[in-house]
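Residue numbers start from 1 in every chain, and the chains themselves are labelled A, B, ... in the order their sequence lines are given, proteins ahead of strands. None of the values given here were measured: they were computed from a predicted structure.
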2 protein chains.
Amino acid sequence: MPAQPPTSGTTGAPAPVAHLRVQRVRPAYRQVADELRTQILAGALPAGTRLPNEAELGRAFGVSRSTAREALRVLSSQHLVETHRGVQGGTFVSEPDPARVVEDVGSALGVLVMTPRLHVSDLLEARLLLEPAAARLAAQRADTETVEAVRAAAAAPRDDRDPSGFVGHLDFHTTLLMATGNLMLTLMGQPVNDVLRTRLRRAGIEAREWDKVDACHREIAEHIAEGRAGDAEEAMRDHIVELRRLYERDGIWA
Amino acid sequence: MPAQPPTSGTTGAPAPVAHLRVQRVRPAYRQVADELRTQILAGALPAGTRLPNEAELGRAFGVSRSTAREALRVLSSQHLVETHRGVQGGTFVSEPDPARVVEDVGSALGVLVMTPRLHVSDLLEARLLLEPAAARLAAQRADTETVEAVRAAAAAPRDDRDPSGFVGHLDFHTTLLMATGNLMLTLMGQPVNDVLRTRLRRAGIEAREWDKVDACHREIAEHIAEGRAGDAEEAMRDHIVELRRLYERDGIWA
DNA sequence: GTGGGGAAAACGTCAGACGTTTAGCGTCCC
DNA sequence: GGGACGCTAAACGTCTGACGTTTTCCCCAC
């Protein structure tokens, strides 16, 4: 624990000093990154904007190209910019991408789940809160196209092999979250599902149980298709509770 | 497109080739970052581990120090590692930090809110879904210490000035989310609140309205203190609906 | 004992060079 | 005249080596 401030040989009270967050001096690459991020978030650099090349960018900030590059690495790892090579390449401000956000949140959650602070049961509780409500909303708002997507997701064959095809399939729960028309719900729910799925990898669940799951999905899909919001919500709640039982029995969560 | 397999002297159709997502070649700094991330997430490098210094790390991966550094910048901007200077400095695997995650999610949301895909009304709907349930859970689980924290947050003077003090105060809604004992709920709800707060910056809301808000907070706090889960939930729902009205009237959301 | 002054280990930054990728354009051969 | 081939230039990607800066630790003088 080297971060301890020197409480050395003081005689009397060690002087409270409150919060001596000295802020040191932020490294140059961080300052450059922060400045650029601020400009991007403020809208001064709209999506698609091409930044100056690395050498010029460095000159503009009074730093070397390497430093400018490190700043760009930071921004690009946060998906604020992306770089392309070749003539006509360069660094461009990214279009905001919900899928990317879901990914990031999911991986951040993945880290937290390893700690005692965030238990898998917390995720299940959150899911139990979120998805029934999502089912209700989906039932209330379903347009025909969305209904069809949900039905398709519920009917999709359970092929865990062949992970490449099935671009549009995703998962029933994902599809349902999206069917609410509220992106925020997807953003909150999807990472939870992702984490749970990776945790459940190869738990010994038998085909008979999967059939039951599929049946639930189809039932919920029908409720939604018919606009029976209350039934959809309740069915989803039961489904999640059932899933939770499965997780708690077979889930290998350390 | 040099990755094209030599479809050379084929006479007929140009060969569909399906999905030739050649993935190009990921840059070295990305490969290094991905490899390290994988090891960290797999638990092979537990929090607190000190990585080799940049030069050695580069040697270990067969890349130069600059490349290794760029990889570390990526990881550190994702809060997977942090670097310190000086002897005994170096790069260390970070302890997972929920507050950091909340920050990240919040800023990611901030970006998305600028798009038409994610509207502020979506945030409000999500909040209306989340916080009443949180109030219910808090009422069900409240231990005396938590109750006290919630009460304190509700009673806290509304000092928008003096942003430095009040380290423990935060916000009533934040405190309540934490009072559920389910970190996941905080993780989902807090970024929403953050985004809403920044959007509402300096909306012309009068003192009388703030008094009303505070009254609601105190009422909810009391419901929770007394363990009246249903009342807490309902009061919170009313409160959020009321807040939504305020936002919709005064909120300056583009 | 205590305080101060190196010394050493790491990161931070710089400068310059060369490789690699990519798009665009011109040329050459049907 | 048209299309394939190959060259070229702009940017990023990577390497090398050097020097500055920060921070800790330890020894030595007082």
Side-chain angles (χ1 to χ4, degrees), chain A residues 1-12 20-34 36 49-77 81-94, chain B residues 1-4 6-11 14 20 22-34 36 49-77 81-94:
Chain A
M1 207 88 82
Q4 202 80 277
T7 26
S8 46
T10 53
T11 56
L20 83 165
R21 283 278 100 240
V22 205
Q23 181 54 303
R24 251 58 194 182
V25 182
R26 277 178 320 172
Y29 71 87
R30 232 174 189 318
Q31 295 183 48
V32 173
D34 289 347
L36 286 176
T49 304
R50 178 182 182 171
L51 300 180
N53 69 48
E54 296 172 344
E56 267 184 73
L57 198 60
R59 237 171 293 137
F61 279 97
V63 299
S64 73
R65 190 189 157 205
S66 340
T67 301
R69 269 180 69 78
E70 293 195 20
L72 292 178
R73 288 293 80 75
V74 170
L75 296 178
S76 95
S77 82
V81 303
E82 43 196 285
T83 64
H84 302 284
R85 298 173 67 173
V87 63
Q88 300 299 357
T91 305
F92 300 83
V93 179
S94 298
Chain B
M1 213 107 67
Q4 198 81 276
T7 26
S8 46
T10 54
T11 54
L20 83 165
V22 206
Q23 179 57 293
R24 251 61 194 181
V25 183
R26 277 178 320 172
Y29 71 87
R30 233 173 190 318
Q31 296 182 47
V32 173
D34 289 348
L36 286 176
T49 304
R50 178 181 181 171
L51 300 180
N53 69 48
E54 296 171 343
E56 269 184 70
L57 198 61
R59 236 170 295 137
F61 279 96
V63 299
S64 74
R65 189 188 157 206
S66 347
T67 302
R69 270 180 68 78
E70 293 195 21
L72 292 178
R73 289 291 81 75
V74 170
L75 295 178
S76 95
S77 81
V81 303
E82 42 195 286
T83 65
H84 302 282
R85 297 173 70 174
V87 63
Q88 299 299 357
T91 305
F92 300 83
V93 179
S94 297

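A:Arg50 places a side-chain N or O within donor-acceptor distance of the main-chain N or O of A:Gly89, the cut-off being under 3.5 Å. Under a 3.5 Å cut-off, the side chain of B:Glu54 and the backbone N or O of B:Ala68 do not form any donor-acceptor pair.
Proximity of A:Arg69 to the phosphate of D:dG13: a side-chain N or O atom is located under 4.0 Å from OP1 or OP2. Contact annotation: A:Thr67 reaches the phosphate of C:dC14 (side-chain N/O to OP1 or OP2, under 4.0 Å).
Put simply, CD on B:Glu70 is 8 Å from C1' on D:dG13, counting in whole angstrom units. Spacing between atom CZ of A:Phe92 and atom C1' of C:dT22 amounts to 12 Å, rounded to whole angstrom units. Across the protein-nucleic acid pair, A:Leu72 atom CG and C:dT13 atom C1' stand 16 Å apart, rounded to whole Å. The nearest whole Å value for the distance from the NE2 atom in A:His84 to the P atom in D:dA9 is 24 Å. Atom pair A:Leu51:CG and D:dA11:P shows a separation of 12 Å (rounding to whole Å applied). Computed from coordinates, the A:Leu57 CG to D:dA10 C1' distance equals 16 Å when rounded to whole Å. What separates OH of A:Tyr29 from P of C:dC14 is a distance of 13 Å, to the nearest Å. Separating the CZ atom of B:Arg30 from the P atom of D:dT14 is a distance of 11 Å, rounded to the nearest angstrom.
Relative to the side chain of A:Thr91, the nucleotides D:dC12, C:dT13, D:dT14 differ in distance, and D:dC12 lies closest.
Applying the side-chain contact (heavy atoms from CB on, under 4.5 Å) criterion to B:Ser76, with sequence neighbours excluded, gives B:Arg73, B:Val81.
Using a 4.0 Å heavy-atom criterion, one finds that A:Gly58 contacts no nucleic acid atom at all. Residue B:Arg73 is in sugar-phosphate contact alone, with no base atom involved, counting any heavy-atom pair closer than 4.0 Å across all strands shown.
To the nearest 0.5 angstrom, B:Arg69 atom CZ is 11.5 Å from B:Thr67 atom OG1. Within the model, atoms CG of B:Asn53 and CZ of B:Arg65 stand 8.0 Å from one another, a figure rounded to the nearest 0.5 Å. With values rounded to the nearest 0.5 angstrom, A:Thr91 atom OG1 is found 9.5 Å from A:Leu75 atom CG.
Looking at every heavy atom in both residues, A:Gln31 comes nearest to A:Arg26 through NE2-O, 2.7 Å. Between A:Ala71 and A:Ala33, the shortest heavy-atom distance links the atoms CB-N, 3.7 Å.
Residues B:Leu72 and B:Leu36 form a side-chain contact, since some pair of their non-hydrogen atoms from C-beta on lies under 4.5 Å apart.
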Every protein N/O within reach of nucleotides 16-19 of chain D N/O, cut-off under 3.5 Å:
residue	atom	partner	partner atom	Å
D:dA18	N6	B:Arg65	NH1	3.4

Filtered N/O pairs between nucleotides 6-9 of chain C and protein, under 3.5 Å:
residue	atom	partner	partner atom	Å
C:dA9	N3	B:Val87	N	3.1

